[in-house]
Amino acid sequence: MKIHNTLTNKLEPFEPIHKDTVNMYVCGPTVYNYIQIGNARPVIFFDVVRRYFEFLGYTVNFVSNFTDIDDKIITKAIEEQEDEITIAEKFIDAFYKDVERVGSTTKYLAPRVTEYMSAIIDYIDQLVKKGYAYEVDGDVYFRVAKIDHYGDLSGRNIADLETGARVEVNPKKENPLDFTLWKKTPQGITFPSPWGEGRPGWHTECVAMINDIFGGQIDIHGGGADLMFPHHENEIAQHRAIHGHAIAKYWMHNGHLTVDNEKMSKSADNYIFVKDLDVDYMGFRLFTLSTHYRSPLNYTDESLNSYVNEWQRLRRTYTQAFYQLDLAEKLDDTPSYNAELDKIRKNFLAAMDDDFNTANAITELQQLAKYTNHKTRQDDSLNQLLGAVRLFDQFFEILGLDARTKRMSKATRNIYMEWADARKNKNFEKADRLRETLQEKGIL
RNA sequence: GGUCCCGUAGCCAAGUGGCUAAGGCAUAGGACUGCAACUCCUUGAUCACCGGUUCGAAUCCGGUCGGGACCUCCA
């Protein structure tokens, strides 16, 4: 199992810190709006990461936060004449719905900033006491100059960053790179702190949560590539300041999604919410997994549709094989795996082991479909067909693709038999009628 | 202005130094079928461009063009 570590920019063998356990944290959403399809990429990809580790036998402790205190939420609250908590609640519910829509699990620990206020304040307080942070007029800033290796993760050096600063610098800061830990807020929800009423900056929450929940270095820290700088860089800096070592062993970042080769933005009028996609969401999931996670993913209607079709094809292959076995009452037999199936399985796992190369894994899924379609037309090798179905189950489970198919009821089975009979007796009128019924039930 | 990523057939996409550049969709032809649907078989590439390194490059180096991300608070 190899993982590309953003920190070293290399493929590294995965070795868990604690035997048989994977502790991972993925930066979650700021809940001020519905999520757009680009936000769904980490939601889907890191769900696959979790699934694959679980398949390999690890216990995965998966944590992803909600940022429920933020200027954008405050702005939205004022806009909608609601309080921040109500807004946050609304979009947390919406987020969970979208996560389920795209086939990812919602059963993981999801701490919220509002629940972590005292831990965050405590963390900032420690930074101040150790001299890594300073207070100015009710704001608290992190002293970047005091940390070595700032910029390692994103491959930047401090000199370049200073040159590049093109916006007016905040005169309160000792150094333009210093980032906000605590912010005195003129409007919206505030919390009491040693530095007065205010709210936390964005970068401390993840560190405080990781520290509290995991109590030490985690295996994997993930998120979108846009978070690499400054967010993750700042997490590393804070954690190093207090604990003297890196917060995570492996950093994983997914590439961006563009729409017609443009960044999604409201002004470009190409903003697509997950909830508004009018397609089979499993097709969308397959689409996002069709490109390696670190590569950019470009959305076009044509491209999405081709994967929606591909998904329907895969599912059809699966259900046809399933029903054939069901009719023959072979579903509970012992599956047989021949060399061809073993090879497909081996290639699939090798692809996943290679830094979660889902694109190549999907290729094996397609090979499995071809194999299955061949076997479906040969009645003599039902145990091998069963092997194929079981392999499909495994692949679908790992990728989070849901093709669950129920066994036929007795009534349906009878209709099927009648249909077969009618065809045999060339009673085509009756056969066509029954065929329609079976098609409606999704059997044919 | 700075840092970095990407550019493979009509479309999606793997491959990152070495046999004839995976796979899928679409197209076209064929097979199967009572008719369909489904399915199967066959069908396509001067790897953006120019130059260099090498016995050998899609893959490494330099340049050009095109697209994208980040560089401040925020995502």
Side-chain angles (χ1 to χ4, degrees), chain A residues 6 9 11 27-30 32-33 35-36 38-39 67 70-75 139 151 154-170 173 176-180 183 201-203 223-231 233 253 255-265 286-287 289-292 294-314 316-317 319-321 347 351 354 357-367 369-370 372-377 422-429 431-432 435-436 438-439 444:
Chain A
T6 314
N9 201 23
L11 275 184
C27 289
T30 300
Y32 69 100
N33 205 343
I35 59 165
Q36 35 87 349
N39 300 134
T67 301
D70 176 89
D71 282 348
K72 291 198 170 194
I73 298 174
I74 294 171
T75 307
D139 291 344
S154 51
R156 288 151 209 268
N157 63 65
I158 291 177
D160 285 342
L161 289 168
E162 283 170 351
T163 314
R166 59 177 177 191
V167 172
E168 240 180 292
V169 293
N170 180 344
K173 292 182 179 177
L177 293 178
D178 290 351
F179 54 90
T180 310
K183 194 170 182 175
W202 175 39
H203 308 297
D226 54 337
L227 299 179
M228 225 155 73
F229 187 90
H231 183 54
E233 205 72 71
H253 293 96
H256 275 127
L257 182 145
T258 53
V259 173
D260 295 326
N261 282 315
E262 269 185 70
K263 185 187 178 177
M264 233 189 297
S265 68
L286 191 66
F287 163 72
L289 294 174
S290 68
T291 301
H292 186 92
R294 285 190 278 119
S295 300
L297 174 64
N298 185 39
Y299 173 94
T300 61
D301 289 339
E302 184 187 1
S303 181
L304 174 62
N305 283 332
S306 93
Y307 281 99
V308 169
N309 289 337
E310 187 60 21
W311 167 245
Q312 281 162 357
R313 202 174 75 85
L314 289 168
R316 195 160 45 225
T317 296
T319 53
Q320 288 308 301
N347 290 344
D354 179 21
N357 194 329
T358 51
N360 280 342
I362 288 169
T363 294
E364 296 310 316
L365 201 54
Q366 288 163 335
Q367 294 314 303
K370 187 169 280 186
T372 306
N373 282 325
H374 280 143
K375 290 291 173 195
T376 306
R377 309 286 152 139
R423 287 185 72 200
K424 206 157 134 196
N425 300 325
K426 298 195 191 290
N427 184 349
F428 296 128
E429 207 179 304
D432 287 352
R435 176 167 72 187
E436 209 169 304
L438 290 169
Q439 278 172 337
L444 290 176

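Everything numeric in this text was worked out from a predicted model, so none of it was measured. Below, chain A is the first sequence line, B the second, and so on; all start at residue 1.
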Let me confirm one number: the CG-CZ distance from L286(A) to R313(A), rounded to the nearest 0.5 Å.
10.5 Å

Is there side-chain contact between V308(A) and F287(A), with heavy atoms separated by less than 4.5 Å?
no

Atom-to-atom span, CG of N347(A) to C1' of A22(B) - whole angstrom:
11 Å

Can you tell which of A36(B), C12(B), G23(B) lies closest to the side chain of Q439(A)?
A36(B)

Compare the minimum distances between each of U39(B), G15(B), A75(B) and the side chain of D354(A), then state the nucleotide with the smallest one.
G15(B)

Using only heavy-atom distances, determine whether the side chains of E233(A) and S154(A) contain a donor-acceptor pair under 3.5 Å.
yes

Please report the distance separating the C1' of U64(B) from the corresponding atom of G17(B), rounded so that it comes out in whole Å.
24 Å

Please report, rounded to the nearest Å, how far the P atom of C38(B) is from the NE2 atom of H374(A).
17 Å

Any side-chain heavy-atom pair of W202(A) and T67(A) under 4.5 Å
yes

Under 4.0 Å between any heavy atoms, over every strand shown, what does A359(A) touch: base, sugar-phosphate, or nothing? Just pick one.
sugar-phosphate

Distance in angstrom units between I362(A) CD1 and A22(B) P, rounded:
20 Å

Pairwise P distance, G24(B) and G63(B) [rounded to whole Å]
39 Å

For nucleotides 31-35 of chain B, print each protein N/O atom paired with a nucleotide N/O atom at under 3.5 Å, atom names and distance only.
unit_1	atom_1	unit_2	atom_2	d
G34(B)	N1	D432(A)	OD1	2.9
G34(B)	N2	D432(A)	OD2	3.1
C35(B)	N3	R435(A)	NH1	3.2
C35(B)	N3	R435(A)	NH2	3.4
C35(B)	N4	R435(A)	NH1	2.8

For the side chain of R294(A) and the base of C6(B), is some donor closer than 3.5 Å to an acceptor across the two?
no

Taking I362(A) as the fixed residue, which of L314(A), L289(A), T291(A), N357(A) is the one that meets the side-chain contact (heavy atoms from CB on, under 4.5 Å) rule?
L289(A)

Applying a 4.0 Å non-hydrogen cut-off, can you work out what P29(A) is touching in the nucleic acid: base, sugar-phosphate, or nothing?
nothing

Would you indicate what N305(A) reaches in the nucleic acid, counting non-hydrogen atoms under 4.0 angstrom: base, sugar-phosphate, or nothing?
nothing

Which part of the nucleic acid does H253(A) contact within heavy-atom distance under 4.0 Å: base, sugar-phosphate only, or nothing?
nothing

Any-strand Watson-Crick or G-U partner of C47(B), both distances under 3.5 Å:
none

Once you round to the nearest 0.5 Å, how far does CG of L227(A) lie from NE2 of H203(A)?
10.0 Å

Atom CD of E310(A) to atom P of C12(B): distance rounded to whole Å?
15 Å

Say you pick atom P in G18(B) and the same atom in C73(B); how far apart are they, in whole Å?
44 Å

Euclidean distance, atom CG of residue N298(A) to atom C1' of A69(B) [Å, nearest integer]
14 Å

Does C70(B) have OP1 or OP2 sitting under 4.0 Å from an N or O in the side chain of H256(A)?
no

Quote, to the nearest angstrom, the C1' distance that separates A13(B) from A58(B).
14 Å

Under a 3.5 Å limit on both distances, the Watson-Crick or wobble mate of C25(B) is G10(B)

Can you tell me, in whole Å, how much space there is between the P of U16(B) and that of U72(B)?
36 Å

Say you pick atom C1' in U42(B) and the same atom in U27(B); how far apart are they, in whole Å?
13 Å

Report yes if a side-chain nitrogen or oxygen of T291(A) is closer than 4.0 Å to either non-bridging phosphate oxygen (OP1 or OP2) of A13(B); otherwise report no.
yes

Could you check whether F179(A) gets within reach of a base, just the sugar-phosphate, or nothing at all, counting any heavy atom under 4.0 Å?
sugar-phosphate

On a whole-Å scale, what distance lies between the C1' atoms belonging to G29(B) and G34(B)?
24 Å

Can you see if the side chain of R313(A) gets near the phosphate of C25(B) - specifically, an N or O under 4.0 Å from OP1 or OP2?
yes

Between A75(B) (C1') and H203(A) (NE2): distance, integer Å
10 Å

Reckon N309(A) has a side-chain N or O less than 4.0 Å from the OP1 or OP2 of C25(B)?
no

Any side-chain donor near an acceptor of the partner, N298(A) and T258(A), under 3.5 Å
yes

Using atom types as modelled and distance alone, determine if a side-chain donor or acceptor of S306(A) lies under 3.5 Å from a backbone N or O of S303(A).
yes

Check D71(A) with K183(A), please: is the shortest side-chain N to carboxylate O separation under 4.0 Å?
yes

Q312(A) side, atom CD; T319(A) side, atom OG1 - distance, nearest 0.5 Å
11.0 Å

Nucleotide of C38(B), G15(B), C73(B) approaching N357(A) most closely (side-chain heavy atoms)
G15(B)

Please indicate whether Q439(A) has more than 12 foreign heavy atoms, meaning atoms of other residues, nucleotides or ligands, lying under 6.0 Å from its CD.
yes

Base, sugar-phosphate, or nothing for H231(A), non-hydrogen atoms under 4.0 angstrom?
nothing

Just the rounded figure in Å: distance from P of A36(B) to CG of L438(A).
20 Å

Indicate, with a heavy-atom threshold strictly under 4.0 Å, whether E364(A) touches base, sugar-phosphate, or nothing.
nothing

Would you indicate what S306(A) reaches in the nucleic acid, counting non-hydrogen atoms under 4.0 angstrom: base, sugar-phosphate, or nothing?
sugar-phosphate

Between C38(B), A22(B), A75(B), which one does the side chain of R377(A) approach most closely?
C38(B)

Which nucleotide in the set C11(B), C41(B), C38(B) lies at the smallest distance from any side-chain heavy atom of K370(A)?
C41(B)

K375(A) atom NZ is separated from C38(B) atom P, nearest whole Å, by 24 Å

Pair assignment for U39(B), Watson-Crick or G-U wobble, requiring both distances under 3.5 Å:
A31(B)

For C73(B) and K173(A) - does any side-chain N or O of the residue sit under 4.0 Å from the phosphate oxygens OP1/OP2?
yes

Nearest-nucleotide check on RNA chain B, S290(A) vs R316(A); residue mapping nearer the 5' end is S290(A)

Return the nucleotide paired to U3(B): Watson-Crick means purine N1 to pyrimidine N3 with N6-O4 or O6-N4, wobble means G-U with N1-O2 and O6-N3, both under 3.5 Å.
A69(B)

Tell me which nucleotide among G23(B), C73(B), U39(B) gets nearest to the side chain of K183(A).
C73(B)

Partner nucleotide of C19(B) by Watson-Crick or wobble geometry (both distances under 3.5 Å)
none

When you compare U8(B) with A14(B), how far apart are their P atoms, in angstrom units rounded to a whole number?
10 Å

